[in-house]
Asker: 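Sharing a structure below in structure tokens format, with a few things to ask.
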Amino acid sequence: MGRKFFVGGNWKCNGTIEEVKKIISILNGGDVPSSDVVEVVVSPPFVFLPLVKSELRPDFHAAAQNCWVKKGGAYTGEISAEMLVNLDIPWVIIGHSERRALLGETNEFVGEKVAYALSKGLKVIACVGETLEQREAGSTMEVVAAQTKAIADKISDWSNVVIAYEPVWAIGTGKVATPAQAQEVHAALRGWLSSNVSAEVAESTRIIYGGSVNGANCKELAAQPDVDGFLVGGASLKPEFIDIIKAATVKSA
């Protein structure tokens, strides 16, 4: 059984009701491969989740951009996994580099959040990736392995986890990891999973790429054997997101 191609759209902190409705309209009208070829999720800001869920085509799903590390309570400004489950939101992004860098989320905290979200029945897009300084120092794999290990230390079932490799230097900068660079890290990550978790988990877990993915570069990236899809930022707010979803046909061809 091959790994089903996965495309996520991270809208980050963007949008108005009007803009969200326009994006949904584009997505709903898009001609994309069937859901047995590609799994598609979009991740709007929390306030738009109910709107997106109610109006989005049924073969696409909604994801939250984050959730809290434990049950709700006196945590002003946070959203709990239980609330997302209550809203019937199936997916959540955890550990995005922007949260790691801007809000100080550590590897261990991210690992705990992943474990808690999974324990409540959510599916998780867990983000890992190195900074430019770390890449130039030659420590890419060391950094990404440590981030992955912090998750592996807390969970045993990987069936509802998608790993998103997002080199921080490529997010929103217009710089893209070359297909060879992406494949190298994805293959090394899969090797790490095989050695440290199990060969079965390594083979079945989808590892997707994020970092300035667009309509022009998506097919070449999708052709890499260990690239199982994309987590798309800016381009997910544009019509070209449909073209990126269509890149799934590269795998099924």
Side-chain angles (χ1 to χ4, degrees), residues 1-11 23-44 49 52-64 84-85 87-94 117-118 121-127 155 157-166 179 182-183 186-187 189-190 193-194 197-210 213-233 235-253:
M1 177 72 183
R3 298 181 296 270
K4 188 193 290 187
F5 207 76
F6 186 100
V7 179
N10 178 12
W11 297 359
I23 296 167
I24 293 171
S25 172
I26 291 168
L27 295 178
N28 288 353
D31 180 20
V32 300
S34 66
S35 56
D36 58 343
V37 173
V38 61
E39 185 168 5
V40 180
V41 306
V42 295
S43 189
L49 277 170
V52 170
K53 177 160 178 55
S54 66
E55 300 201 6
L56 189 66
R57 57 195 291 168
D59 53 333
F60 290 7
H61 294 289
L84 297 177
V85 171
L87 284 177
D88 203 20
I89 303 298
W91 285 92
V92 61
I93 299 170
I94 292 180
L118 290 171
L122 293 171
K123 299 176 185 180
V124 174
I125 301 165
C127 302
I155 72 172
D157 182 357
W158 287 76
S159 58
N160 287 324
V161 178
V162 170
I163 297 174
Y165 167 60
E166 295 198 299
Q183 169 58 23
H186 283 231
L189 253 177
R190 207 174 297 288
L193 287 173
S194 184
V197 182
S198 75
E200 184 184 25
V201 164
E203 181 57 35
S204 61
T205 300
R206 291 172 290 182
I207 305 174
I208 62 176
Y209 170 78
V213 177
N214 58 41
N217 60 33
C218 58
K219 285 187 177 174
E220 198 181 354
L221 286 161
Q224 303 305 308
D226 287 292
V227 174
D228 302 316
F230 304 115
L231 185 57
V232 185
S236 69
L237 299 164
K238 302 171 186 173
E240 71 183 294
F241 188 57
I242 297 294
D243 299 324
I244 296 170
I245 296 169
K246 287 179 179 174
T249 58
V250 170
K251 280 285 198 273
S252 57

Asker: Among Val227, Val232, Leu231, which one satisfies side chain to side chain contact (heavy atoms under 4.5 Å, CB included) with Tyr209?
Answerer: Val227

Asker: Look at Glu203 together with Arg190 and state whether they make a salt bridge at an N to O cut-off of under 4.0 Å.
Answerer: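 Result for this pair is no, no salt bridge flagged.
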
Asker: Hey, does Ile125 have a side-chain heavy atom less than 4.5 Å from the side chain of Asn10?
Answerer: no

Asker: Evaluate side chain to side chain contact (heavy atoms under 4.5 Å, CB included) for Ile207 paired with Asp226, printing each intermediate quantity in order.
Answerer: CA-CA 7 Å; Ile207 305 174; Asp226 287 292; over 6 Å; no

Asker: Can you label the angle between the Phe5 ring and the Phe230 ring as parallel, tilted or perpendicular, going by 30° and 60°?
Answerer: perpendicular

Asker: So, for Ala222 and Ala247, which heavy atoms are closest and what is the spacing to 0.1 Å?
Answerer: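 The answer is CB-O, 3.8 Å.
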
Asker: What's the shortest heavy-atom distance between Phe241 and Val42, and which atoms?
Answerer: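 So the minimum-distance heavy-atom pair works out to CE2-CG1, 3.9 Å.
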
Asker: In chain order, what residues pass the ring-ring contact (aromatic ring centres under 6.0 Å, His included) check against His61, with sequence neighbours excluded?
Answerer: none

Asker: Considering all heavy atoms of both residues, which atom of Asn160 and which atom of Leu122 are nearest to each other, and what is their separation?
Answerer: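 It is CB-O, 4.3 Å.
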
Asker: Are Val124 and Val162 side-chain neighbours, meaning at least one heavy-atom pair lies under 4.5 Å?
Answerer: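 They are not in side-chain contact.
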
Asker: So does Gln183 have more than 12 non-hydrogen atoms from other groups sitting under 6.0 Å from CD?
Answerer: yes

Asker: Check Pro44 against Ala63 and note the closest heavy-atom contact, atom names and distance.
Answerer: CD-O, 3.6 Å

Asker: Is the CD atom of Glu55 crowded by more than 12 outside heavy atoms at less than 6.0 Å?
Answerer: yes

Asker: Might you work through the side chain to side chain contact (heavy atoms under 4.5 Å, CB included) test for Asp157 and Leu118, ending with a clear yes or no?
Answerer: CA-CA 9 Å; Asp157 182 357; Leu118 290 171; over 6 Å; no

Asker: By ring-ring contact (aromatic ring centres under 6.0 Å, His included), which residues pair with Phe6, not counting sequence neighbours?
Answerer: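 Phe6 satisfies ring-ring contact (aromatic ring centres under 6.0 Å, His included) with Trp91 once adjacent residues are dropped.
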
Asker: Considering non-hydrogen atoms only, spot the tightest contact between Val52 and Ala62 and give its length.
Answerer: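 Closest pair (atom of Val52, atom of Ala62, distance): CG1-CB, 4.4 Å.
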
Asker: When the side chains of residues 29-36 are checked against the rest of the protein, which donor-acceptor pairs come out under 3.5 Å, sequence neighbours left out?
Answerer:
unit_1: Ser34; atom_1: OG; unit_2: Asp36; atom_2: OD1; d: 2.0

Asker: About how many Å separate CD1 of Ile26 and CG of Leu237, when rounded to the nearest 0.5 Å?
Answerer: 10.0 Å

Asker: Is a side-chain N or O of Asn217 found less than 3.5 angstrom from the main chain of Asn214, in a donor-acceptor match?
Answerer: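 Yes; at least one donor-acceptor contact below 3.5 Å.
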
Asker: State which residues pass salt bridge (charged side-chain N to carboxylate O under 4.0 Å, His left out) with Arg206; sequence neighbours excluded, sorted by chain then number.
Answerer: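 So Arg206 forms a salt bridge (charged side-chain N to carboxylate O under 4.0 Å, His left out) with Glu39.
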
Asker: Nearest heavy-atom pair of Ser236 and Trp11: which atoms, and what distance?
Answerer: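 Heavy-atom minimum between the residues: OG-CD1, 3.3 Å.
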
Asker: Under 3.5 Å, is there a donor-acceptor pair between the side chain of Thr205 and the main chain of Ala202?
Answerer: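 Not at all, since once roles are kept as given, no pair shorter than 3.5 Å links the two residues.
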
Asker: Once salt bridge (Lys or Arg N to Asp or Glu O under 4.0 Å) is applied, what residue pairs with a partner in residues 238-253 remain, sequence neighbours excluded?
Answerer: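 Residue pairs with at least one partner in residues 238-253: there are none.
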
Asker: Tell me, do Val40 and Leu27 make a side-chain contact under 4.5 Å, heavy atoms counted?
Answerer: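 In short, these two side chains do not touch, never coming nearer than 4.5 Å.
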
Asker: Identify, with sequence neighbours excluded, every residue that meets salt bridge (charged side-chain N to carboxylate O under 4.0 Å, His left out) alongside Lys53.
Answerer: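 Lys53 satisfies salt bridge (charged side-chain N to carboxylate O under 4.0 Å, His left out) with Asp88 only.
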
